[in-house]
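Scroll down for the structure; my scribbles are underneath it.
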Amino acid sequence: MKVLVIGSGAREHAMALAVSGSRNVDTVFVAPGNGGTALMGGKVANVPLKASDLEGLLHFVEKNGIDLTVVGPEHPLELGIVDLFRSAGKKIIGPTQAAARLESSKAFAKEFMQRNGIPTAAYHHFTDISAADAYIEKAASTGTFPLVIKASGLCAGKGVFIAMNAEEAHAATSDLFEERIFGAAADEVIIEEFLHGEEASVFLLTDGTSYRLFLPAQDHKRIGDGDTGKNTGGMGAYAPAPLVTPEVMKKVEERIIGPTLHGMAEEGNHYTGFLYVGLMIDKGEPSVVEYNARLGDPETQVVLPLLKSDFVSALSACFDGSLAGTPFEMHAGKSASTVVISSGGYPDHYENGKEISIDEAVASMPECMVFHAGTSLQDERLVTAGGRVFSVTALGDTLRESIDRAYRAVGKISFEGAYCRKDIGAKAL
Ligand code: AMP
Ligand code: GLY
């Protein structure tokens, strides 16, 4: 089989690795990929096509006889890549444009959850600043802070403000509606109740009827140790997250996953592909913070290496609607951790083009995988090319062992300004 993976981050590097390990696969293309996927060699090669170039990707698939395409990031899903490929009779894993609104429109997702009785923060929905500001004044008079203010559309995880008082809330509505810092993504704005508790993410693969669960994971969104500083795309992750006990998982399946897939199908938006359910868990009670129509980054870098079954067989079964009878087993008793190495300055301004050195010893470290995120290969030299540069994963028989192994491997990678959090996984120990 020939498989195309779309995207350019560490998530897609991890996907390319899992796909290339499948017994039925002889060629893997990654579009556009990164320095890490370029260096994989063997059956893996990069293709210089952007994830948003839907027509170019379809043309490539038709010309090269690609059997199966897997989409990493959200943007092509929002643009309707699945609809386009399906109409051309091409096999692709992911939700349609309409179903991907679970991620691409928070207004759609909130209304959907409300209609279907799925637990989530109470919310109001606004299309102009005067109504939003009037609501904030009403909240101020009853002391209902913090308030969470979100752009409805895709903002690469940056469109969320947690306002502690009316002044901060008005500043957020002004940024969104007047300054238009996220452009049309903030034509609609959600103001919602602040949820207390701890966050975790649950990932699944679904053919719309049946679904199979990966292990639950926890991301580390803030740049600084102890969850301080600015939000980032994610600085590290681990799985399984002990916070998601079997009892919590049962509630997530009964109250969230079941009603989500059933509700989407009932409403004519049959959901297929990966689904990411971002949860807030308060005293054992889960509610939905957000849905994403894809796997998470950096969570993929821990949940995918923990999958023992053949990834591509599961993807094919997802497309064929036969997921229920297909093996989907995890490595029993294993944990995984991933530590992101970022460019100095990230998530604010940072410089690209720093030369990277990786000690060859990394290749022989037990159960370690160095996934590249923002790297590129220039004249045989590996250089930084993004905010998040690497996601270094290790497995272990315990979470502790996986964390120690991941940090040992991180110590073998260097470039000017390299930064990582020192406490990935610590809160679960
Ligand atoms: P989102 O893009 O909706 O996932 O929001 C990004 C982050 O903001 C989440 O991972 C949470 O840390 C935080 N957040 C979003 N909504 C809420 C909420 N209602 N209550 C508390 N924190 C929230
Ligand atoms: N790790 C957060 C995300 O993928 O959206």
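Atoms within a ligand are numbered from 1 in the order they appear, just like the ligands themselves.
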What protein heavy atom sits nearest [atom], and how far off is it?
atom: atom 5 (O) of ligand 1; answer: Val160 CG2, 3.3 Å
atom: atom 16 (N) of ligand 1; answer: Lys150 NZ, 3.0 Å
atom: atom 13 (C) of ligand 1; answer: Ile162 CD1, 4.1 Å

Part of Asn292 with heavy atoms under 4.0 Å of ligand 2, whether side chain, backbone, both or neither = side chain
Are the side chains of Gln97 and Glu78 in touch, meaning some heavy atoms are under 4.5 Å apart?
-> no
Please examine the side chains of Arg222 and Thr232, heavy atoms only from C-beta on, and report whether any two atoms are closer than 4.5 Å.
-> no
Would one find more than 12 heavy atoms of other residues, nucleotides or ligands at under 6.0 Å from atom CD of Glu285?
-> yes
Just wondering, are more than 12 heavy atoms of other shown residues or ligands nearer than 6.0 Å to CD in Glu111?
-> yes
In this structure, does ligand 2 have an atom that sits under 4.0 Å from one of the heavy atoms of [X]?
X: Gly233; answer: yes
X: Gly296; answer: yes
X: Arg11; answer: no

Are Arg294 and Phe274 in a cation-pi setup, meaning NZ or CZ lies under 6.0 angstrom from the ring centre and within 45 degrees of the ring axis?
-> no
Compute the shortest N/O to N/O distance between [X] and ligand 2 and return yes if it is under 3.5 Å, no if not.
X: Glu299; answer: yes
X: Asp219; answer: yes
X: Glu290; answer: no

Report yes or no: does Glu193 have a heavy atom closer than 4.0 Å to ligand 1?
-> yes
Counting heavy atoms only, which of Asn292, Val289, Leu195 comes nearest to atom 14 (N) of ligand 1?
-> Val289
Counting heavy atoms only, which of Met280, Lys221, Glu199 comes nearest to atom 11 (C) of ligand 1?
-> Glu199
For Lys106, atoms of ligand 1 separated by under 4.0 Å from a heavy atom = 1 (P), 2 (O), 3 (O)
Residue Glu192 vicinity, atoms of ligand 1 by number, heavy atom under 4.0 Å | 16 (N), 17 (C), 18 (C), 19 (N)
Output yes when Asp404 and Arg400 qualify as a salt bridge under the 4.0 Å nitrogen-oxygen rule, no when they do not.
-> yes
Please determine if Glu299 and Arg11 form a salt bridge, counting it only when a charged side-chain N lies under 4.0 Å from a carboxylate O.
-> no
When Lys250 is tested against each of Glu254, Glu247, Glu253 for salt bridge (Lys or Arg N to Asp or Glu O under 4.0 Å), which residue passes?
-> Glu254
Would atom 7 (C) of ligand 1 count as contacted, meaning some protein heavy atom under 4.0 Å?
-> no
Centroid-centroid distance, Tyr123 to His125, less than 6.0 Å | no
Rounded to the nearest 0.5 Å, what's the gap from CD1 on Ile92 to CD1 on Ile81? Could you check?
-> 4.5 Å
Contacting atoms of ligand 2, where contact means under 4.0 angstrom from a heavy atom of Arg294 | 3 (C), 4 (O), 5 (O)
Could you give me the CA-CA distance, side-chain angles and deciding distance for His170 and Asp133, then say whether side-chain hydrogen bond (donor to acceptor under 3.5 Å, both in side chains) is met?
-> CA-CA 6 Å; His170 288 306; Asp133 283 348; 2.9 Å; yes
